[in-house]
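All remarks here apply to the structure that follows.
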Amino acid sequence: MTGLSTLRQELESAQAQALADFSRADTPQGLYEIRTQYLGKKGKVKAILKGLGSLPPEDRPAAGQVANQVADALEEAYQQRLVELKALEARRRLEADETDITLPGTWSRRGAVHPLIRVQLEIEELFYSMGYDIADGPEIELEYYNFEALNFPPDHPARDMQDTFFMKSGHVLRTHTSPVQVRYMETHTPPLRMIAPGRVYRCDSDITHSPMFNQIEGLVVDTDISFRDLRGTLEQLVHHVFSPDIGTRFRPSFFPFTEPSAEVDIECFACHGRDTQCRICKGTGWIEVLGCGMVNPNVFRAVGYDPETYTGFAFGLGIERFAMLKYQINDIRLFFENDIRMLRQFR
Ligand code: PHE
């Protein structure tokens with residue numbers, strides 16, 4: 001009996017000591033080390049249990065039970081103290097941290113797609129869905145592509161210094177996206193369908209003209225393309241961007257690279273022709289939005305296509321003009337000033 005009660009005493013005093021040590025620990029790491037001193041393989045509780053073997057066999061179960069109770073109690077006390085110490089550690093970390101987490105955060109504001117890009121994407125989407133390729137070309141262009149290959153006679157007024165930015169290198173800043181037609185035809189064979197969006201430059205500046213602006217060119221070439229195809233395509237474009245109930249009107253016009261050529265007007269969506277004072281259509285009921293025509297055989301010749309075999313249509317539109325009409329923006333410079341109050345309206 002003496003052996004058992006001694007063992008029990010030893011265990012109980014080890015437990016009391018361990019609990020006192022646990023409460024003195026002040027970091028989770030320190031606490032873990034103390035736990036090892038008692039419950040580890042070489043710990044005090046294990047050492048006491050070594051004495052178990054010297055007890056009479058009938059006392060061993062009781063002694064084992066006490067040992068288990070002590071071990072369980074210590075493990076539980078350890079876990080409890082660990083939770084406390086972790087909380088303490090977190091509090092210390094917060095106190096040492098300069099960041100005041102109670103300050104309100106900063107909002108990241110939602111951006112908006114620029115109205116020009118919006119119109120461009122809308123048009124690209126339509127033509128992409130109709131199987132058109134989307135192409136591009138250089139803004140610094142050879143006169144050959146900007147003029148010659150497009151059938152501009154050498155003395156054509158559009159080559160004049162007033163419209164064209166000529167560069168010392170002999171290049172020009174392209175005055176339209178039509179040179180992309182030529183480059184595209186040089187590297188593709190019909191049948192083909194493509195659009196080419198991009199920046200163009202003209203020496204011109206007022207509230208409806210900017211020295212840099214954006215156009216979208218369109219070109220379709222096949223063996224049997226007619227003016228009807230052109231007309232249907234452009235009507236779809238107008239319906240897609242403006243409204244399906246907007247009528248169109250094709251007026252004869254002239255471009256060196258198309259024959260016949262036309263300018264396309266859309267019905268005034270503001271007054272529908274009813275207001276003689278209308279500021280959008282100037283009382284005419286119509287608004288000019290596009291240039292187009294059947295590809296001039298000379299352009300086909302320049303790229304080595306046989307004009308007896310192929311026909312095609314082409315068109316060109318100003319993205320700024322479309323966007324100004326669509327969103328009722330009355331000054332082209334608003335597109336380029338990056339005034340946040342204007343851009344915010346397109347969220
Ligand atoms: N390139 C012409 C312009 O800038 C537009 C156009 C393109 C006209 C294609 C007809 C065919 O005004």
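Order of listing sets the numbers, starting from 1, for every ligand and every atom in it. No hydrogens, no waters, no symmetry mates; every other heavy atom, side chains included, goes into these values.
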Expected rows: ligand 1 N/O, protein N/O, dist below 3.5 Å:
residue, atom, partner, partner atom, Å
ligand 1, 1 (N), H176, ND1, 3.0
ligand 1, 1 (N), S178, OG, 3.0
ligand 1, 4 (O), R202, NH2, 2.9
ligand 1, 4 (O), Q215, NE2, 2.9

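Between K44 and E10, the closest side-chain pair of non-hydrogen atoms is not below 4.5 Å. A 4.5 Å side-chain heavy-atom check between M212 and N214 finds at least one atom pair inside the cut-off.
Note on ring orientation: taking the six-membered ring where Trp is involved, the planes of H156 and F152 are perpendicular (angle over 60°, cut-offs 30° and 60°). Below 30°, between 30° and 60°, or above 60°: for Y201 and F165 the angle between ring planes is above 60°, a perpendicular geometry.
Here the closest non-hydrogen pair linking L39 and A71 is CD2-CA, 4.0 Å.
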Which donor-acceptor pairs under 3.5 Å do side chains of residues 123-132 form with protein atoms, sequence neighbours excluded?
residue, atom, partner, partner atom, Å
E124, OE2, Q120, NE2, 2.8
S129, OG, L126, O, 2.6

